[in-house]
Amino acid sequence: MNLKLRIFLILLVIIGIYLVIKTISQKKLSMRYGMYWTIIFIIMLLLIMFPSIIENISKFCGFEEAPNMLFLISIFILFYIIFRLYITVSRVQEINKRLVQEISILKKENGKK
Amino acid sequence: MKILVIIPAYNESENLVDTINDIKKYQNNKEYSLDYIIINDGSIDNTKEVCLKNKFNVINLVHNLGIGGAVQTGYIYALKNGYDIAIQFDGDHQHNASYIEDLVMPIINKNVDMTIGSRFIKDLSLFKSTKLRQFGIKILSFVLKLTTHEKIYDMTSGFRAVNKDIIKIFASDYPNDYPEPETLVTIIKRGYKVKEIPVKMNERKHGKSSITPLKSIYYMAKVTYAMIVRSYIERIK
C-alpha cells in the first residue's frame with residue numbers, strides 16, 4: 001500500500017475515533033455504543049498498519065483477492081449493526097408507548113380528584 | 001357485570017358527540033352496567049375541547065400512538081378498573097350502539113370469549129365498503145382459515161367485545177398498527193372461542209377512513225405477514 005494513502009486512511013480513522021469520543025462527551029452517544037465503534041476503528045487501524053493480516057487470512061480462506069474478503073466481511077458487519085439498531089429502535093418504541101399510556105392514564109386519574 | 005366501551009378517537013370531534021349519545025341510550029340495562037372511555041389519540045383538531053365541554057369520560061394521550069396503542073390504552077384502563085367485558089367501538093359513528101347487547105350477551109352467558117360485529121354474515125348492512133376492500137377482507141379470511149382453521153368473515157371489523165381473559169392479553173400485548181386480523185390469530189390460537197354477530201354499520205358522516213388506496217397494498221402485506229408469523233409464534237410457545 002502506498003505510504004500517502006496509508007497516512008490518509010490513518011487520519012480518517014483518527015478523526016472517526018475523535019468524533020466518537022466527542023459525541024460521548026456531548027451525551028449524544030452512550031459509553032457502550034461508543035466503545036463498539038471505537039473497537040471497530042481500532043481494528044481498521046490495525047488492518048491499515050499491517051495489511052499483510054488481511055492478505056494472509058484471505059489467502060487462507062481461498063479468496064482470489066484480499067479486497068473481496070474485506071468487502072464481504074464489511075457488509076456482513078454492517079448488516080448486523082443495522083439489525084441490532086432495528087432491535088433497539090423497536091424496544092425504545094415499545095417503552096415509549098408504555099410510558100405515553102401510563103402517563104395519560106395517570107393524568108386522567110389525577111384529574112378526577 | 002361491568003362493561004367498558006373503548007372508543008379510540010383521532011380527529012373525530014365532528015362524529016364523537018353522536019357516537020357518545022348513541023351509547024348513552026343503551027346504558028340502562030338490568031344485566032350489566034355500561035361505561036365508556038374515549039381514548040383521544042393526540043388529536044390535532046378540537047376533540048379534546050369537545051370532550052371537556054360535554055364532560056365526556058376521556059383519556060387524552062400525551063402523544064399520538066396510532067390506533068393500536070390507543071386501543072391498548074383502553075384495555076389497560078379496563079384491566080385497572082376491573083371491567084368484566086370490554087367493547088371496541090369506533091369514534092366515527094360507523095358502529096351502532098344498539099348492537100352492543102347482541103355482542104355482549106354471548107360473553108355474559110359464557111358461550112364465547114369474544115364476539116365480532118360482522119357486516120357479512122347476514123344482510124343487515126347496506127354499507128359494506130367497496131368491492132376491492134371486500135376482496136381484501138376475503139383474502140384475510142382465507143389466511144385465517146389456513147393458520148387457525150376457523151372461519152371469520154368480517155376480519156377487519158373494529159366492533160368487538162372481549163371477556164376478562166382477553167382484556168388481560170390485549171393489555172399486555174397488542175399490535176401497533178392494523179391490529180384486528182393479527183389479534184384474531186392470537187386469540188383463536190390460544191383456544192378462545194370467537195363468534196361473529198350480524199350488525200349494521202353506517203357510512204362515515206365526516207372525515208376520511210384511515211386506509212387510503214395507496215396504503216392498501218402495504219396493509220395487505222403487513223397484515224398477512226403478521227398473521228402468519230403470529231400463528232407460528234403461538235404454535236411454538
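All values below were derived from every heavy atom in this structure, side-chain atoms included, with hydrogens, water molecules and symmetry-related copies excluded.
- The main-chain N or O of B/Ser98 is never found under 3.5 Å from a side-chain atom of B/Asn96 such that the two would form a donor-acceptor pair.
- Looking at A/Gln93, there are no atoms closer than 4.5 Å to chain B (heavy atoms on both sides), in backbone or side chain.
- Proximity to chain A (any heavy atom under 4.5 Å) is shown, for B/Asn40, by neither the backbone nor the side chain.
- Residues B/Tyr83 and B/Asp35 have side chains that bring a donor and an acceptor to within less than 3.5 angstrom of each other.
- Listed for the B/Gln27 side chain is a donor-acceptor partner under 3.5 Å among the backbone atoms of B/Leu34.
- The contact between B/Ile37 and chain A is made entirely by side chain atoms (from C-beta outward), counting heavy-atom distances below 4.5 Å.
- The contact between B/Leu65 and chain A is made entirely by side chain atoms (from C-beta outward), counting heavy-atom distances below 4.5 Å.
- Between the side chain of B/Gln72 and the main chain of B/Phe170, a donor-acceptor pair closer than 3.5 Å is present.
- More than 12 heavy atoms of other residues, nucleotides or ligands sit less than 6.0 Å from atom OH of A/Tyr36.
- For B/Asp173, the part lying near chain A is the backbone, with the side chain staying farther off; criterion is any non-hydrogen pair under 4.5 Å.
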